[in-house]
Structure formats: structure tokens, C-alpha cells
Amino acid sequence: MIITIDGPAGSGKSTAARKLAARLGIPYLDTGAMYRVVTLAALQDGIDLHDEDALTRTAAKAEFDLDCGPTHVRVRLRGRDVTEEIRSMRVNERTRFIAASPGVRRILVEKQRQLGFRLGSMVTEGRDQGSVAFPDADFKFFVDATPKRRAERRLVELLADGEEVTFEQVLANVDERDRTDSDRDVGPLTVPENAVTIETSNLSIAHVLDRLLAELSKAGVKIPLKGPDRSASQTP
Ligand code: DC
């Protein structure tokens, strides 16, 4: 059973995807982390972020691995833990160049499909999971929220991390990311065909999870009773 969750930055899809996977006891794949770690690899190698061939070669080398557990995703690059580093502003601001590379997308989408095939069941989240990577997924969700609400959520995270930013700056960044995510030629952010949209602006995480579970249940999926997390998984 493949479940895709797509949506813009700050929509709450990552937390929702993780919680859903934990509840169903199946692996969870954070595809944004893949684009982030390839970005970090390119930066470490001093690659020009517009050099399509060099970026594609970096992705093809696949010197990273992801350990996607129910409450965390640990990412290693060339044997070193880079979980925090791939969330830094330095990587944040540059990942859109890597995400726009057709060669990188081809390689990462192929890797995602291989994982899905090998694991059989997973919750996978990103921008193009229901539209490009898994158009035949069993269930597709699109999680959304207003730019203002998404910027508010992001501001809380950044302030907690000690960053000095204003709401206006974060909102501008959200708008910019929406634009680049939606306007790119390959794998743009879009509502996949047959996806159920969940608007999370006024919903807590618990409510988002309830909505996802209700949709799956309506479609006949047996939801395991609440219990200890059983979804710890290795997704290399
Ligand atoms: O979800 P995130 O913020 O960690 O994503 C990081 C970047 O990768 C962001 O610029 C969107 C891009 N991305 C993508 O293009 N396709 C995906 N399937 C996942 C993320």
C-alpha cells in the first residue's frame, strides 16, 4: 500500500506523514531530505548549482542514506550524520536549484520507486509523489494551508532555533518557495489527480491525522488500534 502526501512547505505534511506511518506501522519516506542531502553534497564539492551534468552525477553517486523512523529522519552523507545540516539556511536557500534539475529528479524519483517496490508499503511525502513518482498510489493526499498560516508555523520553528527573523521575512520566503515549487518545469507542486485535499490552517496535527485516518478507513483500510510505534524502518 503506497500512500502519498504532497503539499507546500509548512503545510504540516511531514508531521502528518510521520504520524500516519507510525499509526499504520509502515515506513515513512521524506523525499525533501533527499533533495536537501544532494544539495549539501554539491555544496561540499563546490559544484556550480546550475551545472546540470555535475548535479546529476552527484545524485547518481548516491553517497547518502536515510533512516526514516516514526519520530525522526536521520540522514548520513559519506558516512557522516548531516541530519541538522540539511535543515540549515545555507542548504534551505539552495535546494530549489537542485529540485529544478531534471537529471537529479529523474534519479531521485527512480530511487523512490525502487524503495516503494522493495518495501511494498510506505507513506511518502514531497511535492510530486502522487503526480510523478507514484501516479498509481493506493491513496493520495494533498495537504495545504494558507501562506500566512504556514509562515506563522515556520516562524515559530526558526525562532526556536535561535534565528533572528521577522514574520514578513518568513512570509516572503514562503511566497518565494511556493513560486519556485509550482513554476518549475519538472515535478512541479500540483494537486495530483484523485488526491484528497486537506486544508490544515485551522487544524491541529491530531486533527489532521484523524482526517487522514478517516479517509483511509472510509476506503476500507483497517486502521490498527493505537499502540506503541511499530514503524521504525530503514530506508537506505
Ligand atoms: O519538504 P522540504 O522543505 O524538506 O523540501 C526541500 C526542497 O526540496 C524544497 O525546495 C522542495 C523540494 N522537493 C521537491 O522538489 N520534490 C519533492 N518530492 C520533495 C521536496
Side-chain angles (χ1 to χ4, degrees), residues 2-18 21 28-43 49-50 52 55-56 58-59 64 66 68 72-75 77 82-116 122-135 137 140-145 147 150-151 153-155 157-158 161 163 170 172-192 195 200 235:
I2 302 288
I3 300 173
T4 64
I5 303 187
D6 292 298
S11 59
K13 66 181 184 312
S14 301
T15 316
R18 264 204 291 274
Y28 152 70
L29 180 63
D30 171 1
T31 62
M34 291 176 142
Y35 289 92
R36 287 170 182 273
V37 74
V38 172
T39 304
L40 182 59
L43 289 174
L49 300 186
H50 296 96
E52 172 66 15
L55 290 179
T56 306
T58 304
F64 61 90
L66 269 62
C68 299
H72 69 277
V73 181
R74 304 249 32 118
V75 183
L77 174 62
V82 293
T83 306
E84 275 76 38
E85 207 173 340
I86 62 163
R87 311 267 161 209
S88 66
M89 286 304 275
R90 177 168 167 257
V91 173
N92 249 358
E93 284 167 2
R94 291 167 177 84
T95 307
R96 63 196 161 104
F97 299 112
I98 275 65
S101 153
V104 172
R105 297 203 76 88
R106 189 170 26 78
I107 287 163
L108 295 187
V109 165
E110 185 50 36
K111 205 169 164 58
Q112 291 151 16
R113 288 181 180 150
Q114 283 169 6
L115 274 171
M122 69 176 180
V123 177
T124 179
E125 59 111 336
R127 305 293 190 286
D128 59 346
Q129 294 302 282
S131 54
V132 177
F134 299 98
K140 299 183 193 178
F141 293 103
F142 189 81
V143 175
D144 207 356
R150 292 189 282 122
R153 289 172 181 161
R154 186 78 188 115
L155 181 66
E157 284 171 11
L158 289 170
D161 286 348
E163 302 258 1
V170 179
N173 185 260
V174 163
D175 286 340
E176 170 67 11
R177 284 179 70 175
D178 282 358
R179 204 177 51 70
T180 49
D181 270 355
S182 305
D183 288 356
R184 67 167 168 256
D185 293 334
V186 282
L189 174 67
T190 178
V191 182
T200 69
T235 45

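Read the numbers this way: they start at 1 and go in the same order the structure lists the ligands and their atoms.
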Student: Donor-acceptor pair, R94 side chain versus F97 backbone, under 3.5 Å?
Tutor: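 Judged by distance alone, no pair lies under 3.5 Å.
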Student: Any donor and acceptor pair, going by atom type alone, linking the side chain of R36 with main-chain N or O of T95 inside 3.5 Å?
Tutor: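 Pair absent, no side-chain N/O of R36 close to backbone of T95.
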Student: Quick one, D183 and P188 - any side-chain contact, counting heavy atoms below 4.5 Å?
Tutor: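 They are not in side-chain contact.
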Student: Going by the closest heavy atom to atom 10 (O) of ligand 1, which one wins out of D181, V73, L108, L29?
Tutor: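 Closest candidate by heavy-atom distance is D181.
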Student: Identify, for atom 18 (N) of ligand 1, the protein heavy atom at the shortest distance, and state residue, atom and that distance.
Tutor: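 Result: D128 OD1, 2.8 Å.
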Student: Return yes if a side-chain donor-acceptor contact under 3.5 Å exists between T124 and Q129, otherwise no.
Tutor: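 Side chains of T124 and Q129: pair found under 3.5 Å.
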Student: Counting C-beta onward and ignoring hydrogens, is there a side-chain heavy-atom pair between S11 and R150 closer than 4.5 Å?
Tutor: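 In short, these two side chains touch, coming nearer than 4.5 Å.
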Student: Using distance alone, determine whether Y35 and ligand 1 share an N or O pair under 3.5 Å.
Tutor: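 Such a contact does not occur with ligand 1.
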Student: In this structure, which one of V104, T58, V37 forms a side chain to side chain contact (heavy atoms under 4.5 Å, CB included) with I98?
Tutor: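 Running side chain to side chain contact (heavy atoms under 4.5 Å, CB included) over V104, T58, V37 with I98 returns exactly one hit, V104.
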Student: Ignoring hydrogens, what is the shortest heavy-atom contact between Y28 and A21? Give both atom names and the distance.
Tutor: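 Where Y28 meets A21 most closely, the heavy atoms are CB-CB, 3.6 Å.
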Student: For the backbone of E84 and the side chain of S88, can you confirm whether one donor and one acceptor N or O come within less than 3.5 Å of each other?
Tutor: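 Not at all, since once roles are kept as given, no pair shorter than 3.5 Å links the two residues.
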Student: For ligand 1, which atoms sit closer than 4.0 Å to a heavy atom of T31?
Tutor: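 Here the atoms of ligand 1 in question are 17 (C), 18 (N), 19 (C).
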Student: Using distance alone, determine whether D30 and ligand 1 share an N or O pair under 3.5 Å.
Tutor: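 Not met; the criterion fails.
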Student: Go through ligand 1 atom by atom and flag the ones less than 4.0 Å from a non-hydrogen atom of R87.
Tutor: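 The list of qualifying atoms is 4 (O).
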Student: Report the nearest protein non-hydrogen atom to atom 20 (C) of ligand 1: residue, atom name, distance rounded to 0.1 Å.
Tutor: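 Answer, as residue, atom name and distance: G32 CA, 3.5 Å.
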Student: Quick one: does R96 get an N or O within less than 3.5 Å of an N or O on ligand 1?
Tutor: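 In this structure, R96 places no N or O atom under 3.5 Å from an N or O of ligand 1.
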Student: Would you mind checking which non-hydrogen protein atom is closest to atom 4 (O) of ligand 1, with the distance to 0.1 Å?
Tutor: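 For atom 4 (O) of ligand 1, the nearest protein heavy atom comes out as R36 NE, 2.8 Å.
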Student: May I ask whether R105 places a heavy atom under 4.0 Å from ligand 1?
Tutor: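 R105: in contact with ligand 1 (<4.0 Å).
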Student: For atom 12 (C) of ligand 1, what's the nearest protein heavy atom and its distance?
Tutor: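 Heavy-atom neighbour on the protein nearest atom 12 (C) of ligand 1: A99 CB, 3.9 Å.
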Student: At their closest point, which heavy atom of R113 faces which heavy atom of V132, and how far apart are they?
Tutor: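 The answer is NH2-O, 2.8 Å.
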Student: Quiz question: by atom type and distance under 3.5 Å, do the side chains of T15 and R153 form a donor-acceptor pair?
Tutor: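 T15 vs R153: no donor-acceptor pair found between side chains.
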Student: For a quick test of reading the model, state the closest non-hydrogen atom pair linking A137 to I2 and the distance between them.
Tutor: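 Closest approach of A137 to I2, heavy atoms only: CB-O, 3.6 Å.
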Student: Does ligand 1 have a heavy atom under 4.0 Å from the side chain of R184, from its backbone, from both, or from neither?
Tutor: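 Within the 4.0 Å criterion, R184 contacts ligand 1 through side-chain atoms alone.
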Student: Check the pair V123, I5 against side chain to side chain contact (heavy atoms under 4.5 Å, CB included), reporting the backbone distance first and the verdict last.
Tutor: CA-CA 7 Å; V123 177; I5 303 187; 4.0 Å; yes
Student: Does an N or O anywhere in T95 fall below 3.5 Å from an N or O of ligand 1?
Tutor: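 No; every N/O pair is 3.5 Å or more apart.
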Student: Yes or no: does K13 have any heavy atom under 4.0 Å from an atom of ligand 1?
Tutor: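 Yes; K13 lies near enough to ligand 1 that a heavy-atom distance drops under 4.0 Å.
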Student: Heavy-atom distances under 4.0 Å decide this one: backbone, side chain, both or neither, for E93 against ligand 1?
Tutor: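 The answer is neither.
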Student: Yes or no: does Q112 have any heavy atom under 4.0 Å from an atom of ligand 1?
Tutor: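 Distance cut 4.0 Å: Q112 fails for ligand 1.
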Student: Any nitrogen or oxygen of E125, main chain or side chain, under 3.5 Å from a nitrogen or oxygen of ligand 1?
Tutor: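 N/O-N/O distance under 3.5 Å: no.
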Student: Please list the nearest protein heavy atom to atom 1 (O) of ligand 1 with its residue and the distance rounded to 0.1 Å.
Tutor: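 Here the closest protein heavy atom is R127 NH1, 2.9 Å.
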Student: Which heavy atom of the protein is the closest neighbour of atom 3 (O) of ligand 1, given with residue, atom name and distance?
Tutor: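 The closest one turns out to be R177 NH2, 2.8 Å.
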